[in-house]
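Take a look at the structure set out below.
Positions are given from 1, in the same order as the sequence printed here.
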Amino acid sequence: MADRHADDAADGTTDHSTDDDGPDPIAVPGCPDTYAVDHLLHGQPTALSSYVIAGEAPVLVDCGAADTVDRIRAAMATLDVAPGDVQAILVTHVHLDHAGGAGELAAACPAADIYVHERGHPYLTDPDRLARLKESTDEAVGMPDAYGDPDPVPADRCVSVAGGETLKVADRTLGFVDAPGHAPHHYAAIDRSSGALFSLDAAGMYYENRVLPSTPPPSFDLEANLATVERLQALDPAVNCYGHFGPGERGAAADELAAYADVLPEYVERIDALRADHDGAGEVLAALGERWQTPTAYRDVAGVIRYLRERED
């Protein structure tokens with residue numbers, strides 16, 4: 001896994017530590033002014049990351065859950081990023097561990113436009129749809145207020161993207177890429193100046209130097225996800241920035257993407273083989289083997305089983 005406190009001399013950053021008891025912002029290696037934020041989701045370190053691009057025209061990449069917004073605001077304070085200076089908030093997809101804090105951050109950052117995939121736009125802006133999304137999320141996770149109680153984002157603050165657009169902020173250009181597979185409302189963004197690819201969940205999870213599957217229901221799609229990996233590979237990124245968790249190794253993004261293109265179909269094939277003799281996600285998970293055990297393994301197995309059933313119909 002990438003060094004969580006990368007050599008400051010190598011990337012031109014300085015050391016930062018937070019004023020509270022939470023983890024320090026994590027310097028993305030070789031990417032000046034770019035930091036990962038540990039949201040301590042459900043109290044667990046390294047469960048969820050978002051990103052702050054500091055500098056002259058700050059940008060936030062993902063918002064975390066509604067009940068973890070304090071982590072990104074603490075990181076902004078540590079990095080001397082004033083909320084009023086933030087120019088853009090990128091919501092890579094509307095799963096509520098990533099998008100639940102968008103309403104609060106939009107209110108705190110009045111100059112920022114909020115960039116969301118066109119397929120996810122209604123779920124951020126329509127209070128009824130957001131409430132239904134929260135209800136279904138709480139049911140899927142199995143706890144009330146699983147990711148807090150999200151506020152909607154005013155529609156006139158949102159910019160819909162579909163892939164192919166660019167965002168120019170000061171001397172930094174971010175390119176948007178359609179990135180379905182994990183979810184149909186997912187996009188990725190690449191910082192053309194640093195080579196940082198903000199894939200978040202579009203290219204899996206990254207733990208202990210391994211790329212692992214992220215295949216949640218109801219909309220995981222293997223073929224769409226593999227096509228997304230190809231599009232991301234064509235960008236030739238320098239470092240991949242994950243939502244679970246943090247940056248990968250600088251210079252290894254191509255290898256990590258290639259590994260995901262291999263891991264994902266292998267995972268689906270393994271689950272497909274097991275489900276003939278095992279009933280439901282719990283039994284399949286128990287038989288899957290230690291290699292595939294992750295914090296979200298039950299959810300991801302359920303997503304693959306649903307995908308396989310829909311493919312058969």
Side-chain angles (χ1 to χ4, degrees), residues 39-49 64-68 93-100 123 131-150 180-186 200-226 228-229 242-245 259-313:
H39 280 254
L40 298 177
L41 185 68
H42 298 148
Q44 298 300 311
T46 74
L48 174 69
S49 47
D67 58 1
T68 68
H93 59 302
V94 298
H95 289 164
L96 291 180
D97 52 338
H98 296 265
Y123 294 95
R132 290 197 297 272
L133 176 61
K134 178 187 180 300
E135 182 179 356
S136 66
T137 300
D138 291 349
E139 181 179 352
V141 176
M143 66 175 72
D145 292 336
Y147 300 126
D149 189 10
H182 174 85
H185 45 76
H186 203 309
L200 278 295
D201 288 356
M205 300 185 288
Y206 187 76
Y207 286 103
E208 298 178 352
N209 296 311
R210 292 192 300 149
V211 179
L212 296 163
S214 185
T215 59
S219 302
F220 166 69
D221 185 305
L222 174 62
E223 289 75 20
N225 214 152
L226 291 174
T228 286
V229 171
Y242 298 88
H244 313 276
F245 173 83
Y260 199 53
D262 291 336
V263 162
L264 202 53
E266 181 186 357
Y267 183 65
V268 172
E269 289 167 11
R270 175 69 173 150
I271 292 171
D272 193 18
L274 287 170
R275 68 187 178 118
D277 298 319
H278 299 83
D279 186 21
E283 288 192 12
V284 171
L285 177 60
L288 197 54
E290 184 64 27
R291 175 188 175 192
W292 302 109
Q293 302 304 314
T294 70
T296 59
Y298 181 89
R299 177 206 73 175
D300 292 326
V301 169
V304 171
I305 291 173
R306 181 180 177 121
Y307 157 78
L308 290 168
R309 287 173 177 165
E310 290 182 350
R311 190 174 68 176
E312 291 168 350
D313 292 341

Checklist line | Which atom of Leu288 lies closest to which atom of Tyr267, heavy atoms considered | finding: CD2-CE1, 3.8 Å
Notebook entry, point to check: How many angstroms lie between atom CG of Leu48 and atom CE of Met205, to the nearest 0.5 angstrom?
Noted result: 12.0 Å
Next item on the list: Report yes if the side chains of Asn225 and Tyr260 come closer than 4.5 Å at any heavy-atom pair, otherwise no.
Entry: yes
Notebook entry, point to check: Going from CD on Glu312 to CG on Asp272, what distance comes out if it is rounded to the nearest 0.5 angstrom?
Noted result: 7.0 Å
Note to self: Testing the basics here: between Gly204 and Tyr242, what is the closest heavy-atom pair and its distance to 0.1 Å?
What the structure shows: O-CD2, 3.3 Å
Checklist line | Heavy-atom side-chain proximity of Arg210 to Arg291 below 4.5 angstrom | finding: yes
Check: Roughly how far apart are Thr228 OG1 and His182 NE2, rounded to 0.5 Å?
Finding: 11.5 Å
Checklist line | Over all atoms of both residues, closest heavy-atom pair of Ala99 and Val94 | finding: CB-CA, 3.7 Å
Checklist line | Any donor-acceptor N/O pair, His42 side chain to Ala146 backbone, under 3.5 Å | finding: yes
Next item on the list: Report yes if the side chains of Leu40 and Thr68 come closer than 4.5 Å at any heavy-atom pair, otherwise no.
Entry: no
Item checked: Verdict with reasoning, Glu266 to Arg270, per salt bridge (Lys or Arg N to Asp or Glu O under 4.0 Å) -> CA-CA 6 Å; Glu266 181 186 357; Arg270 175 69 173 150; over 6 Å; no
Check: Minimum heavy-atom separation for Pro150 to Gly100, with atom names?
Finding: CB-O, 3.4 Å
Next item on the list: Only pairs at least two apart or in different chains count here, so list each salt bridge (charged side-chain N to carboxylate O under 4.0 Å, His left out) that has a residue in residues 292-301.
Entry: none
Notebook entry, point to check: Is any side-chain heavy atom of His244 closer than 4.5 Å to a side-chain heavy atom of Thr294?
Noted result: no
Margin query: Does Glu135 have more than 12 heavy atoms from other residues, nucleotides or ligands lying within 6.0 Å of its CD?
Written below: no
Next item on the list: Kindly indicate whether the side chain of Leu133, heavy atoms from C-beta on, has any atom under 4.5 Å from the side chain of His95.
Entry: no
Next item on the list: Taking all non-hydrogen atoms of both residues into account, name the closest pair between Pro217 and Arg306 and its distance.
Entry: CB-CD, 4.2 Å
Notebook entry, point to check: Does any non-hydrogen side-chain atom of Ile271 lie less than 4.5 Å from one of Ile305?
Noted result: yes
Item checked: Euclidean distance, Leu41 CG relative to Asp67 CG, rounded to 0.5 Å -> 7.0 Å
Margin query: For the residue pair Asp201 / His98, report whether a side-chain donor-acceptor contact shorter than 3.5 Å exists.
Written below: yes
Notebook entry, point to check: Considering residues, nucleotides and ligands other than Glu223, do more than 12 of their heavy atoms fall under 6.0 Å from its CD?
Noted result: yes
Check: Just how far is it from atom CG of Leu226 to atom CG of Asp262, taken to the nearest 0.5 Å?
Finding: 9.5 Å
Next item on the list: Starting from the C-alpha separation in whole Å, work towards a yes-or-no answer on side-chain contact (heavy atoms from CB on, under 4.5 Å) for Val263 and Leu212.
Entry: CA-CA 7 Å; Val263 162; Leu212 296 163; 6.0 Å; no
Notebook entry, point to check: Any side-chain heavy atom of Thr137 sitting closer than 4.5 Å to one from Tyr147?
Noted result: yes
Checklist line | Shortest non-hydrogen contact between Ala203 and Val211, atoms and distance | finding: O-CG1, 3.8 Å
Checklist line | Min side-chain heavy-atom separation Asp145-Lys134 under 4.5 Å | finding: yes
Notebook entry, point to check: Residues in side-chain contact (heavy atoms from CB on, under 4.5 Å) with Pro184, at least two apart?
Noted result: Arg119, Ser219
Check: How are the rings of Tyr307 and Phe220 set relative to one another: parallel (under 30°), tilted (30 to 60°) or perpendicular (over 60°)?
Finding: perpendicular
